[in-house]
Structures are given as structure tokens and as C-alpha cells.
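Just so it is clear: chains get the letters A, B, ... in the order the sequence lines come, proteins before strands, and each one is counted from 1.
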Number of protein chains: 2
Amino acid sequence: MVPAVTSDRSDPTKGADVPRAVGVRDVAKRAQVSLGTVSNVINTPDSVRPRTRARVEKAMRELGFVGSRAAGQLRSRKSGLVGVVLPDVGNPYWADVLRGVESVLEEHDLTLVVGSTHQDPARQERLLRALAQQGVDGLLVAPIDELRNWEQFADRRLGVVALENGDAPDAGSSISLDNVDGARQAITHLLELGHRSIAFINGPRNVPWCVERREGVLSGIQTAGLEASDVLIEVEVSDLTAAMGITATDELWGRCEPTAIVCANDLVALGALLSLQRRGLRVPEDVSLVGYDDVEFVEALRPPLTTVRQPSFEVGVIAGHMLLSGATRDSGERELLTPALIVRQSTGPARLR
Amino acid sequence: MVPAVTSDRSDPTKGADVPRAVGVRDVAKRAQVSLGTVSNVINTPDSVRPRTRARVEKAMRELGFVGSRAAGQLRSRKSGLVGVVLPDVGNPYWADVLRGVESVLEEHDLTLVVGSTHQDPARQERLLRALAQQGVDGLLVAPIDELRNWEQFADRRLGVVALENGDAPDAGSSISLDNVDGARQAITHLLELGHRSIAFINGPRNVPWCVERREGVLSGIQTAGLEASDVLIEVEVSDLTAAMGITATDELWGRCEPTAIVCANDLVALGALLSLQRRGLRVPEDVSLVGYDDVEFVEALRPPLTTVRQPSFEVGVIAGHMLLSGATRDSGERELLTPALIVRQSTGPARLR
DNA sequence: GAAGGACCGTGAACCGGTTCAGGATTCGCT
DNA sequence: AGCGAATCCTGAACCGGTTCACGGTCCTTC
């Protein structure tokens with residue numbers, strides 16, 4: 001007693017229904033070929049005779065065929081997706097890195113899935129989980145916390161590239177900047193200018209490069225033959241944004257009045273600058289200020305900001321290439337770039353007290 | 001934490017093979033339930049008796065189960081993906097919008113797929129195509145060109161939300177800022193200060209809000225009883241970045257020397273400012289400068305930039321909510337926010353010639 | 001204690017592009 | 001023409017989570 005359903009289309013139970021997007025089978029029928037051939041036209045066009053290929057392509061055009069990567073991914077295990085996990089896309093530095101990555105990967109038909117962690121380990125975990133479920137082909141991550149079970153990404157088509165992973169245990173390839181050195185350059189500059197009371201506004205301790213920058217600061221003080229506890233006032237902010245920079249500096253001035261401030265970040269430095277200006281303090285006459293990143297706008301600040309330059313876009317490009325070179329997975333190369341202190345006008349001799 | 005071994009797999013044909021990730025069937029077997037139940041635990045936990053659910057969850061944990069959204073999407077037609085197409089994630093304004101969107105959608109387990117068009121229609125097309133193939137549940141786009149066949153996204157679970165779509169034909173819901181009004185405020189401000197030779201550095205003509213801002217500028221001039229051709233010098237840049245701002249301003253000064261510059265964008269204004277400073281020109285004494293967006297850093301520039309404020313983060317939040325409210329798809333609501341001119345110190349009376 | 005119903009759990013069928021072993025054609029060359 | 005090789009095509013099986021019609025349990029209620 002089979003009710004002779006599934007004649008072809010038109011389910012009588014429901015009138016206005018989903019139009020059922022065209023699939024390879026529809027294209028195949030129209031082009032008078034098998035569905036396998038359609039797949040070949042999509043993936044290995046050279047393996048199909050030009051005449052046949054043209055027929056299939058015509059059919060695809062006429063039917064407005066749009067494949068479903070999800071279906072393909074199921075069997076082929078290629079999603080065409082690359083996960084990018086950054087601390088904060090709102091930060092010009094990371095935005096620039098992202099642009100670099102984008103510029104490399106877009107030519108390879110890879111789509112970026114982007115997420116910001118905002119220095120929050122829980123968010124990092126959630127993001128990685130989501131990316132794993134989406135079946136990304138590769139992962140590009142700037143870990144703000146120990147990178148747990150990254151191995152699940154390691155045997156994807158493209159491996160894992162870590163940005164600024166410090167000395168953490170291997171996680172695929174990695175590209176970092178010498179944060180210790182950069183921070184040391186910054187603090188040394190200030191010490192040479194005679195500053196002996198310096199505030200250091202840094203990010204959370206779980207973030208690798210924050211730890212390293214702190215290390216560099218301490219090391220610079222030590223090299224100068226000074227005691228960190230005498231010279232340094234440490235402040236920690238949960239997120240490296242301008243808003244946090246303002247808050248931190250406001251609070252700081254309630255406690256003490258250093259002659260210089262080093263920030264983990266240009267954005268924080270921007271916040272500090274705004275806070276100082278509102279307080280009527282002059283930079284660098286009253287307080288010297290140093291940032292980190294050399295973001296585009298700092299040159300035009302009042303005053304132009306002394307900062308540590310990092311080649312953001314380039315980092316993104318290199319990371320992108322590392323990801324693409326299948327070599328990534330096995331060799332686990334590591335690149336280490338060196339930052340450079342750019343002295344502008346936000347730093348000057350320590351005011352005599 | 002059992003390392004997810006495969007008990008009874010072992011394909012004799014090939015030794016070292018892919019470990020075959022654990023699937024619902026593996027979990028089902030281990031938890032002594034059917035695979036359908038596992039699916040229920042994942043999607044509708046409340047429909048499963050707590051005892052059973054606990055068993056399944058334990059099994060999932062022990063096996064390190066990570067679902068495959070792709071497989072699920074195939075049948076359920078939900079990808080958990082939302083496409084976000086912006087002009088440029090490297091631009092702080094859009095980065096901020098993105099943060100707003102992110103903040104809303106991350107609580108709904110939606111993953112963002114982000115792409116930048118860089119004012120290039122071809123790139124926009126490519127991105128939309130990729131998003132269609134990925135089967136995104138919704139689309140959030142700031143079109144920089146006529147939005148062709150957006151309808152294919154319209155009947156996805158979440159619809160389409162257009163940012164700044166101008167007066168273009170309907171495309172789902174949209175949220176825009178009154179660009180005409182904002183630009184008019186800016187130009188009127190300059191005209192009142194006595195400027196009669198004003199350069200306008202704008203983006204490409206295919207970009208809706210660039211067209212609108214131009215409209216506003218022209219309208220403002222007309223309202224003041226002046227002739228645009230006498231007052232305005234129009235310059236067009238292909239991408240609204242600081243680098244393009246520098247180039248454009250450098251070139252501009254080879255041709256003429258206006259007493260004021262209006263930029264379509266704070267980033268371009270930043271570039272213009274840098275160019276002017278390198279040329280030894282003072283702002284606003286020699287040249288007045290107006291930006292657009294009120295990006296975070298412009299307040300700390302030398303001099304603080306007069307600009308048109310747009311609530312970036314809020315726009316993102318609103319857009320996110322619009323996308324979530326299923327209503328989007330049918331009603332096609334439109335929101336129109338009004339920007340405000342923030343007068344700072346980069347604008348002053350026209351220098352007498 | 002039997003009927004009625006709410007609640008759970010089951011598993012075959014399914015989504016749609018890819019794979020690959022094998023069949024069909026075409027080509028080159030004697 | 002004849003034959004082997006190279007090239008092209010074919011389509012059933014498959015990937016793995018979701019759906020849903022169906023059957024089993026257990027508790028009420030008369």
C-alpha cells in the first residue's frame with residue numbers, strides 16, 4: 001500500500017516550500033553528463049574534455065548553480081576555511097596583521113573566519129572549539145593563553161601557525177617579534193634620559209607577549225645597574241584598549257606621579273596621552289610616554305609618539321605564507337623578527353624634581 | 001582524557017592512516033544509546049531524560065567528541081555562520097562596527113566570517129559567492145556596489161542586513177547614517193568660517209555613502225548661496241586609507257592650495273594631516289581640516305581633529321540585533337541614525353590671501 | 001486493571017558534493 | 001583494420017549529523 005509518493009517534486013502537503021537549491025545532479029541532468037563529471041569540472045577542470053566542460057559550465061550558469069562547501073567538505077575534508085584568532089580586531093595593529101593575512105589567502109580561495117579573544121582565555125577556548133567544528137583547513141592564532149589541544153588542527157590540510165607564542169611548547173610553526181628586546185630598547189631609552197620613576201602599563205599575565213615585554217623592561221633596568229623595585233611602578237589592565245589606558249592612567253595619578261610611562265601598546269598609550277592632557281600635563285615636558293606597535297596614527301599625535309615599531313602587515317603576510325606552505329606541518333619553522341625603537345617627541349629628559 | 005582511540009577500525013589496506021575523528025555513532029555506542037539520542041543531546045537537551053543525557057555527555061567527554069557542523073548543516077540547513085562583508089577591517093571605524101556585531105552574535109553561538117572589499121566590486125562579488133557556498137545563516141554587508149543577487153541570502157535562517165545601503169533597492173533590513181546631513185554639517189561649518197576654496201577628498205563613486213557625502217557637500221554649498229564649481233575641488237581616491245590620504249594631498253598641492261580640506265574619512269584626514277605637516281603647513285592656521293567618523297584617536301591628534309561623529313560600535317550592535325530578530329526577513333525595517341559634527345581645533349577661520 | 005496519553009528513545013533515510021574502480025571512447029601506430 | 005594505451009566518463013558508495021515516523025515505558029485516571 002505504498003502511497004506512490006516522491007514522484008518528482010511538488011509535495012502536496014505544503015504549498016510554499018523551500019525551492020530546493022540546484023545541486024550537481026540537476027546540473028548533470030541538464031548537461032547530459034553524470035554527476036561525477038560535474039564534480040570534475042569544479043575540482044579538476046583539466047581532466048574534462050573542453051567540449052564537455054563547456055556544456056557543464058553552461059548548465060551551471062543557466063541554473064545558477066552555487067555549490068555547497070559543506071557537502072563537499074564532508075567527503076573531501078577540505079572546508080576552504082581558515083581560522084584566525086586574534087586578541088582584538090579593533091586594534092589597528094592586529095587589524096593590519098589581518099589585512100596581511102587576508103592579502104595572501106584570498107588568492108587561494110580561502111575564506112577567513114575571524115574571532116577576537118579580548119585577552120580572555122575562555123573566549124579563546126570557545127573560538128577554537130567553534131573553529132574545530134567548522135572544520136577549518138588551517139589555524140592562525142595569537143594565543144593569549146596556553147594553547148590547549150591545538151593538535152586537533154595540526155593534521156588539517158594546512159597546519160597551525162602561532163603568532164607571538166613566546167617560548168610556549170611547540171604549536172606548529174610560529175612567527176614572533178622579539179618582545180624582550182623591543183621592551184628593553186624602550187626602557188633603556190627612558191633610563192638614558194634620566195628617568196628614575198617609570199610606570200609600566202601592561203596587559204594580563206597570561207598573555208605571552210605581555211610577559212615578554214615585562215621581562216624586557218626588567219632586564220633593561222637591571223642592565224642599567226638599577227633595582228626594578230626602586231624604579232618601576234607596574235600597572236595591569238585587562239584589555240589593551242584606549243579606554244583602559246585612560247582608566248589606568250587616571251588611577252595611577254591618584255597614587256603617584258612617575259616621570260615617564262611605558263605602555264604595552266599604542267592604544268593604551270593613546271589613552272594615557274588623553275588622560276595626561278585632560279589633567280593638564282605636558283608631554284614630554286612633564287611626563288614622557290612610550291608606546292608599542294607604531295600604529296599608523298601615532299606619528300600624527302600631539303606630540304608624535306615614541307614607540308617600538310613592529311611590521312604588522314608583513315607579519316600577516318609571512319604568517320599567511322607559512323600557513324600555505326604545507327611544510328608548516330612537519331618542519332615547524334619559527335621566524336623571529338626584531339622590532340625597532342622609533343624615537344619621536346613624546347619622550348624627553350626627566351624633569352627635575 | 002582518553003586519547004580517542006579507534007577500537008575496531010584498522011583498515012588492513014593502509015597502516016598509518018587518518019585517525020578518523022569520533023562521530024555521533026561512536027558516542028552512541030559508548031553511551032549505549034542510539035545515534036539519534038546523541039543528536040538530541042546536542043540539539044535539544046531538554047528532550048532527553050537527565051540520566052541518559054548525563055551518560056551521553058560523559059561519553060562525549062571521554063571520547064573527545066567534536067561535532068562537524070558541515071555534516072549537520074547538510075540536513076538541518078543551519079551553518080552557525082554569519083557573513084560580514086565590510087569595506088575594510090583595517091579601518092578603525094569598521095573594526096569598531098565589527099566589534100559591535102561580534103559582541104551581539106557571540107552569545108548566540110554564531111561564528112563570524114569576515115571579509116574586506118576594499119571598495120572593489122569584484123572583491124565584493126567574490127566574497128558573497130564564497131559566503132553563499134559556505135551556507136551562511138545570515139549576511140551583514142556594507143555594500144560598496146550594487147548588491148546583486150542578495151536574494152539568495154534572504155531566505156536563510158537569518159536574513160540580510162545592509163549597512164549604509166543608501167537609497168538602493170531593498171535588501172532585507174538596513175541601518176544607515178544620514179551621510180548627506182553629516183557632510184552638510186561639515187561643509188557648512190567651513191563655509192561659515194569663511195573658506196571659499198575647499199578640497200573634498202572622497203572615495204569612489206560606486207560607494208553609496210561616498211555619493212551621499214558628496215551630495216551633502218554640494219547641498220551645503222548651494223544652501224549657502226554659492227556655486228560648487230567656484231568653491232570645491234574634488235579629489236577621488238580608490239581606497240579610504242591614510243596612505244591614500246597622503247598621496248592625494250601631496251598631489252593636490254601640486255595643483256592648487258585650498259584653505260580647507262574635507263575628507264570622506266578620518267583615516268584619509270590623518271593622511272592629509274601628515275602630508276600637510278611634512279610640507280610645513282600649520283593646521284588650522286594655514287589649512288583647516290575636517291574628517292569623518294570620529295575614530296578614537298583623532299582627539300589626540302595634533303591638532304585635535306574636527307570631524308563628524310558616527311556611533312560605530314552601536315551601529316554594529318543594532319545591526320547584530322536586526323539580524324537576530326527573525327522579523328528582519330519579512331518586515332525589512334530600516335534604521336536611520338543622525339551623525340553629529342564635533343568641532344575641535346583642526347578648523348579655523350580662513351586665512352586671508 | 002484496562003484505556004489513554006505524555007514522554008523517551010530508535011535507526012533508516014537523507015542532505016549534496018566527492019571519490020574511485022571500472023567501463024566506454026578515442027588515439028597512435030603498425 | 002587491429003590492438004594496446006591513454007583519456008574521459010559513469011554512478012554507487014560514502015562522509016557524519018539530523019530528521020521523524022514509529023514503538024516502547026511508565027504514570028494517570030476511571
Side-chain angles (χ1 to χ4, degrees), chain A residues 1-3 5-6 11 13-14 17-29 31-56 59-60 63 65-80 132-135 157, chain B residues 4 6 9 11 13-14 17-29 31-56 59-60 63 65-80 132-135 157:
Chain A
M1 210 58 88
V2 183
V5 215
T6 65
D11 184 338
T13 58
K14 208 63 192 304
D17 212 5
V18 193
R20 282 280 283 92
V22 302
V24 279
R25 289 169 176 80
D26 303 296
V27 175
K29 197 181 300 176
Q32 312 261 32
V33 295
S34 83
L35 84 182
T37 302
V38 177
S39 180
N40 286 333
V41 170
I42 297 171
N43 299 297
T44 52
D46 293 332
S47 75
V48 180
R49 207 193 323 165
R51 273 173 46 91
T52 316
R53 192 196 319 160
R55 252 202 351 270
V56 174
M60 293 202 295
L63 262 47
F65 173 80
V66 177
S68 156
R69 212 106 187 188
Q73 167 181 1
L74 210 49
R75 185 124 241 272
S76 72
R77 315 191 148 279
K78 293 178 194 167
S79 63
Q133 291 187 168
Q134 295 292 355
R157 188 161 58 104
Chain B
T6 43
R9 274 298 137 73
D11 184 338
T13 58
K14 210 59 191 307
D17 213 5
V18 192
R20 281 280 281 91
V22 302
V24 278
R25 289 169 176 80
D26 303 295
V27 175
K29 197 180 301 177
Q32 312 263 31
V33 297
S34 83
L35 83 184
T37 302
V38 177
S39 180
N40 285 334
V41 170
I42 297 171
N43 299 297
T44 53
D46 293 332
S47 76
V48 180
R49 207 193 322 166
R51 274 173 44 91
T52 316
R53 194 198 315 163
R55 255 205 345 273
V56 174
M60 292 202 295
L63 263 45
F65 173 79
V66 177
S68 156
R69 211 107 189 188
Q73 167 181 2
L74 209 48
R75 184 125 241 269
S76 72
R77 315 194 149 278
K78 292 178 194 166
S79 63
Q133 293 188 349
Q134 297 291 357
R157 187 161 59 103

**Request:** Grab the CZ-P distance between Arg55(B) and dT10(C) for me, whole Å please.
**Result:** 8 Å
**Request:** Round to the nearest Å and state the distance from Gln73(A) atom CD to dT18(C) atom C1'.
**Result:** 12 Å
**Separation between CE of Met60(A) and CZ of Arg53(A), rounded to the nearest 0.5 Å** = 10.5 Å
**Thr37(B) side, atom OG1; Arg55(B) side, atom CZ - distance, nearest 0.5 Å** = 9.0 Å
**Message:** Counting C-beta onward and ignoring hydrogens, is there a side-chain heavy-atom pair between Val56(A) and Val48(A) closer than 4.5 Å?
**Reply:** no
**Message:** Please find the pair of heavy atoms, one from Lys78(A) and one from Arg157(A), that lie closest to each other, and give the distance.
**Reply:** CG-NE, 3.6 Å
**Asked** Of all the nucleotides listed (dG17(C), dT18(D), dC15(C)), which has the minimum atom distance to the side chain of Arg77(B)?
**Response** dC15(C)
**Prompt:** Once you round it to whole Å, what is the distance between C1' of dG16(D) and CD of Gln133(A)?
**Reply:** 13 Å
**Item:** Atom pair CG/OG of Leu74(B) and Ser68(B) - distance to nearest 0.5 Å
**Value:** 9.0 Å
**Fill in**
Atom CE of Met60(A) and atom P of dG17(C) are separated, to the nearest Å, by 11 Å
**Asked** Looking across every strand, which nucleic acid part, if any, lies under 4.0 Å from Ser39(A) by heavy atom: base, sugar-phosphate, or nothing?
**Response** base
**Request:** Using whole Å, report how far CG of Asn43(B) lies from P of dG9(C).
**Result:** 15 Å
**Prompt:** What integer distance in Å separates Arg69(A):CZ from dG16(D):P?
**Reply:** 19 Å
**Item:** From Asn40(A) atom CG to Ile42(A) atom CD1, the distance as rounded to the nearest 0.5 Å
**Value:** 9.0 Å
**Asked** Can you give one letter per nucleotide of nucleotides 6-14 of chain D, going 5' to 3': B for a protein heavy atom under 4.0 Å from the base, S for sugar-phosphate only, - for none?
**Response** --SSBBB-B
**Asked** Side chain of Phe65(B): nearest nucleotide among dT18(D), dG17(D), dG16(D)?
**Response** dG17(D)
**Nearest-angstrom distance from the residue atom CG of Asp26(A) to C1' of dG16(C)** = 10 Å
